[in-house]
Amino acid sequence: MLLEQQCLGRSALIAIRQAKKTLANAACMIEHARFYIDMKTMTPLEEMRHSAAHILATAVLRLFPEAKLDIGPPTDTGFYYDFDLEHKFTAADLERIEDEMRKVIKENQRFERIEATRDEAEALFTKLNQPYKIIRLADIPDGEPVTFYRNGEFTDLCAGTHVNYTKQVKAIKLLSIAGAYHKGDEKNKQLQRIYGTAFPSKEELEHYLQQLEEARKRDHRRLGKDLKLFHIDEAVGQGLILWTPNGSIVRQELQNFILDELQRQGYQQVFTPHIGKLGLYRTSGHFPYYKESQFMPIIERDAMDDMVHRGCSCAELSNSVDEGDVDGYLLKPMNCPMHIKIFDSQPHSYRDLPVRLAEFGTVYRWEQSGELNGMTRVRGFTQDDAHIFCTEEQVASEISGCLELVKTVFSTLGMKDYRVRIGLRDPDSSKYTGDGALWDKAEAALRQVAGTLGVPYTEEPGEAAFYGPKIDFVVRDVIGREWQLGTVQVDYNLPIRFDLSYVGPDNKPHRPVMIHRAPFGSMERFTGVLIEHFAGNFPTWLAPEQVRLLPITDDQVPFCKEVQAKLKAAKVRCSIDDQSDKLGAKIRRAELEKVPYMFVVGKNEAAEGKVTVRSRVRKSVEGARSTAEAIDLLLTEIASRQLPEA
RNA sequence: GCCCUUGUAGCUCAGCCGGUAGAGCGCGUCCUUGGUAAGGACGAGGUCGGCGGUUCAAGUCCGCUCGAGGGCUCCA
C-alpha cells in the first residue's frame with residue numbers, strides 16, 4: 001500500500017478505488033467486468049502481484065491437479081486466488097505451495113498473451129475441466145476481446161497484464177487461507193481463498209511483514225487490554241463494551257469536548273430511554289426495513305400469555321409481531337424517533353427553527369457474530385447523536401454547521417487521514433423510503449454543501465440511509481479496514497412519516513426538514529479508532545493519567561503528596577509511584593503506561609519546592625521548575641487540548 | 001450467518017509419539033533508598049474455555065458447544 005501511495009498519491013488512489021466501486025455498483029456490470037477492468041489499470045506492482053497469483057495457481061495445480069480455479073487478482077497489499085477443492089488447505093499446505101511457487105519462479109517461465117475466440121476459450125476450459133472459468137468467460141462483456149495468459153504448463157483466462165518472466169516476481173509470501181463466496185454472493189458456493197503478498201525485493205517484503213507486526217502492536221484490542229481501557233466479557237455478551245475506569249475518562253473527555261462545541265452552536269441536550277414501543281419503529285420504518293439487524297422485540301407479558309393459552313406456534317407469534325397484531329417494545333436501534341417525539345410534543349413556529357436536539361444516545365443492533373470487532377463493530381453503542389429540525393431554506397447552512405463540527409473534531413484530534421463519502425441511494429434497491437423527487441432534492445443539497453467542504457469526496461450509490469442520503473467521514477484502522485465515523489444525513493422522509501409540521505409566516509402548517517448528524521459517530525468506534533490513531537499515546541487532555549510523580553527515595557513521598565494535592569485541586573489526574581524501585585524502573589513503568597508527564601522529585605527538588613519534568617515525548621530532562629510553574633504549563637496544555645508533539 | 005485458524009496462571013507463551021502442569025512479565029511480602037526505560041530474595045496464583053466420548057490413564061485423541069482471530073457476506 002505504501003508503495004502504491006508513493007506511485008499514485010492518495011487522491012489518485014481514492015479516485016481509483018472510487019472508479020472500481022462505481023463500476024461494481026453499476027447494475028449491468030457483473031463482477032468479472034470489474035475484475036476485467038481492474039486488470040487494465042494495473043500499476044507495475046499490481047502487475048507483479050497479479051503474476052504472483054498466477055504462479056500460485058500454477059503451484060496449486062501441480063500439487064492438487066483436481067483444484068477448480070476461480071479468479072486471482074491483486075489487492076491493495078498483495079494478491080489472492082480462489083480455489084474450489086475438496087481437500088481443505090492447511091498451514092502446512094501453504095508452505096508446500098510456497099516452495100512450489102519458488103520452483104516455478106526459478107523455472108523462469110515466460111508469461112505469454114494469447115487472444116482467442118469465445119468458442120476456443122470454452123473448448124479449452126471444458127477440456128481442462130475448469131467450470132468457473134467458463135462462467136467467468138460468459139461474464140466478459142460482448143465486444144471485449146477474450147485473452148489468455150500462459151506461463152509454462154498453466155493457462156488462465158485473463159485480461160492481463162503480467163510481467164514478462166516468472167523470475168521478475170522477486171519476493172513472495174503466502175499469508176492466510178479464508179473462505180470467500182464465488183462472485184461474492186452468499187448464495188453461491190464458498191471457495192477457499194489463499195492470500196499472499198509479493199514485493200520487488202526481499203527487503204521490501206521483510207519491511208512489510210514488520211509493518212504488519214507494528215500494526216498489531218497498536219491494534220486497539222491489544223492496547224485496550226494493555227492500558228486497561230475497555231473490556232469485553234463473555235458473560236456479558238458479544239459486542240457489548242464494558243468501559244473500564246481508564247477508558248471512561250477518555251470517553252468522558254471526548255463527550256465534554258463535543259458538549260462545549262454543541263453549546264456554542266445552539267444545541268439543546270435531551271435524554272431518552274433505551275426501549276420504545278414497536279409501533280414507534282413501525283412508523284419510522286426502522287422495524288420493517290431493518291428487522292434482521294435488530295435484537296428480537298420484547299413482547300408484553302399479557303400478550304405473550306394470551307398467545308400461549310391459544311396455543312400459538314412460534315411462527316404465528318413472529319407473524320403477529322410483524323403484522324402489528326401484537327405489541328411490544330424494541331431496544332432502540334436509532335434515536336431519531338424519540339427526538340422526533342420530543343420535537344412534536346410542542347407546536348413550533350418558524351421562529352423557533354432550527355430546533356437542535358442532542359443526546360449521547362445508546363442504540364442496539366444485531367450485528368452478525370462474524371462481523372463483531374473490538375470496539376469498532378459492536379452490538380450496543382452510544383452515538384453522539386443530534387437531530388436538527390429546520391426549514392427548507394435553513395438546510396444548507398445547517399449542513400455546513402454540522403460539517404464544520406466534524407472538521408473541528410478531526411482537526412482537534414489531528415486526524416488527517418480520512419476520506420469523505422456522499423452516500424446516495426441505489427436506484428435499483430427497494431430498501432429506501434419516500435418519494436424520488438425528495439431524494440433528488442436531499443442529494444442535491446448534500447452535494448452542494450460538500451462542494452464547499454474543501455476536501456475531496458466521492459459519491460457512492462447504495463451507501464445512503466433508508467430515509468435519506470448522507471455525508472460520511474471514513475477512516476482506516478491499523479489493519480486497513482475502513483470505518484465510518486462522523487456522519488451528516490439529510491432527511492425529508494421521517495418528517496412525513498411522523499407528519500411533523502411547524503407554523504410558517506403565512507400562518508399555515510409547513511413540513512420541516514430533518515438533519516441527523518453524529519460527529520464522532522459512535523463513542524465506541526471512535527474511541528477504538530482513536531486508540532490506534534495515537535497508538536495509546538493520548539494527548540494530555542485525554543490521557544487517563546496525566547502526571548506520575550516519581551519520588552527518588554521514600555523521603556520525598558511527603559513532598560510528592562503535597563504536589564499531588566495541588567494537582568488534584570487543579571483537576572489534574574495524577575498518582576505517586578512510591579514503590580521501592582529505582583528511578584529507572586519507575587520511569588519505565590510510566591512510559592509503558594503511556595503517562596504524558598513524569599514529575600521527578602529528589603532531595604534537591606523537595607528542598608526547593610520544585611519538580612523535574614520529564615515528558616513522554618521529549619524524553620530528556622528539562623530541568624527543575626517550580627511546582628506552580630509546572631502545573632500552569634500543564635493546565636495550559638490541557639485547556640487548549642494540545643496534540644502530542646510529533 | 002459461512003469458511004479457515006485458535007482457546008494452558010492477570011498478560012505473553014512452552015508443554016515431543018496420551019502417564020494428572022512450566023517459564024518470563026505482572027502481583028504479594030521482605031531486603032535494598034537509588035537521579036531518567038527493568039536492584040535482589042522468597043512467595044501466592046491454573047477444575048489446561050465448557051460439556052460429553054475413547055482409554056487403565058486426556059491439557060494432549062474424537063464429537064458437540066461457547067468465545068477469540070483472519071477472511072467472505074452484511075452494516076440505518
Side-chain angles (χ1 to χ4, degrees), chain A residues 75 80 82 88-91 93-94 175-195 216 219 221-222 225-226 228 232-235 237-239 281 284-287 289-294 333-336 363 365-374 376-379 383 423 431-433 462-468 470 479 481-484 487 489 491 494 516 518 525 550-557 578-593 598 600-605 612-616 619-622 624:
Chain A
T75 66
Y80 66 80
D82 287 346
K88 302 287 178 205
F89 289 125
T90 63
D93 291 334
L94 238 48
L175 296 170
S176 61
I177 307 158
Y181 300 106
H182 171 57
K183 287 192 187 182
D185 189 335
E186 216 177 353
K187 290 180 207 82
N188 289 341
K189 182 161 188 191
Q190 195 162 54
L191 311 176
Q192 298 187 70
R193 175 172 296 179
I194 296 182
Y195 278 98
R216 254 172 233 133
D219 188 310
R221 291 166 296 188
R222 171 83 261 133
K225 201 175 263 189
D226 289 348
K228 302 185 178 70
I232 299 171
D233 198 290
E234 271 187 51
Q238 290 181 284
Y281 293 99
S284 69
H286 291 109
F287 187 63
Y289 281 90
Y290 286 96
K291 199 165 60 110
E292 276 68 42
S293 15
Q294 287 161 6
M334 279 194 121
N335 301 303
C336 21
V363 297
R365 298 180 188 176
W366 184 260
E367 302 287 358
Q368 299 188 85
S369 62
E371 286 311 328
L372 299 170
N373 186 74
T376 47
R377 189 85 183 261
V378 293
R379 283 185 175 160
Q383 299 176 313
K431 69 170 193 175
Y432 306 99
T433 177
E463 291 292 326
F466 75 88
Y467 46 74
K470 53 184 188 152
I479 308 184
R481 289 189 275 220
E482 285 201 324
W483 301 104
Q484 174 203 312
T487 182
Q489 313 174 352
D491 178 6
L494 290 184
H516 310 236
R525 177 177 291 178
L550 307 182
I552 289 181
T553 76
D554 290 349
D555 295 340
Q556 287 87 48
V557 171
D578 57 2
Q579 294 198 46
S580 66
D581 279 312
K582 288 192 191 174
L583 182 61
K586 295 184 185 189
I587 287 174
R588 182 183 143 81
R589 193 151 45 229
E591 288 279 353
L592 290 175
E593 289 169 29
M598 292 163 233
V600 178
V601 176
K603 203 165 53 198
N604 303 333
E605 289 90 340
T612 296
V613 179
R614 184 192 207 271
S615 92
R616 180 183 58 195
K619 311 289 184 198
S620 58
V621 186
E622 292 173 11

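Note that these values count all heavy atoms, side chains included, but never hydrogens, waters or copies made by symmetry. Order of the sequence lines fixes the chain letters, A, B, ..., with proteins taken first and strands second; residue numbering starts at 1 for each chain.
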Q) Is A:Lys88 salt-bridged to A:Asp93, cutoff N-O under 4.0 Å? A)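 Judged by the 4.0 Å cut-off on N to carboxylate O distance, A:Lys88 and A:Asp93 do not form a salt bridge.
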Q. Hey, is A:Asp82 close enough to A:Arg193 for a salt bridge, meaning N to O under 4.0 Å?
A.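 Here A:Asp82 pairs with A:Arg193 in a salt bridge, since their nearest N and O are under 4.0 Å apart.
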Does any nucleotide pair with [N] by Watson-Crick or G-U wobble geometry, both distances under 3.5 Å, and what is it?
N	result
B:G28	B:C42
B:U6	B:G67
B:U20	none
B:U60	none

Donor-acceptor contact present, side-chain [X] to main-chain [Y], <3.5 Å:
X	Y	answer
A:Lys228	A:Lys225	no
A:Lys586	A:Pro551	yes
A:Arg221	A:Gly374	no
A:Arg525	A:Gln484	yes
A:Asn373	A:Thr376	no
A:Glu593	A:Ala590	no

Just call it for [X]: base, sugar-phosphate, or nothing, with non-hydrogen atoms closer than 4.0 Å on any strand.
X	answer
A:Arg481	sugar-phosphate
A:Asp233	nothing
A:Gln556	nothing

Q. Can B:G45 be described as syn, meaning its chi torsion is within 90° of 0, or is it anti?
A. syn
Residue [X], side-chain atoms from C-beta onward, closest of [options]:
X	options	answer
A:Ser293	B:C66, B:A76, B:G70	B:A76
A:Leu592	B:A37, B:C66, B:G70	B:A37
A:Met334	B:A76, B:U12, B:G67	B:A76

Q. For every nucleotide of nucleotides 26-35 of chain B, 5' to 3': is a protein heavy atom under 4.0 Å from its base (B), only from its sugar-phosphate (S), or from neither (-)?
A. -----BBBBB
Q: Nearest-nucleotide wise, let me know which of A:Phe466 and A:Tyr195 is further upstream toward the 5' end of RNA chain B.
A: A:Tyr195
Q.
For a salt bridge (Lys or Arg N to Asp or Glu O under 4.0 Å) check, start with the C-alpha distance between A:Lys470 and A:Glu463, then their side-chain angles and the critical distance, and finish with the verdict.
A. CA-CA 8 Å; A:Lys470 53 184 188 152; A:Glu463 291 292 326; 5.5 Å; no
With the criterion being N/O to N/O and under 3.5 Å, what pairs connect the protein with nucleotides 1-4 of chain B, and how long is each?
residue : atom : partner  : partner atom : Å
B:G1    : OP2  : A:Ser369 : OG           : 2.7
B:G1    : N9   : A:Gln368 : OE1          : 3.2
B:G1    : N7   : A:Gly370 : N            : 3.3
B:G1    : N2   : A:Tyr181 : OH           : 2.7
B:C2    : O2'  : A:Gln190 : OE1          : 2.5
B:C2    : O2   : A:Gln190 : NE2          : 2.9
B:C3    : O4'  : A:Gln190 : OE1          : 2.2
B:C3    : O2   : A:Gly179 : N            : 3.1

**Q.** Donor-acceptor pair (no angle test) under 3.5 Å: A:Arg222 side chain, B:C11 base
**A.** no
(Q) Taking donor-acceptor contacts at under 3.5 Å, does the side chain of A:Arg193 reach the base of B:C72? (A) no
Q: Examine B:A68: is either OP1 or OP2 under 4.0 Å from a nitrogen or oxygen in the side chain of A:Asn373? Give yes or no.
A: no
Q: Mind checking ring-ring contact (aromatic ring centres under 6.0 Å, His included) for A:Phe466 and listing every partner two or more places apart, or none if nothing turns up?
A: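 By the ring-ring contact (aromatic ring centres under 6.0 Å, His included) rule, A:Phe466 matches A:His286, A:Tyr289, A:Tyr290.
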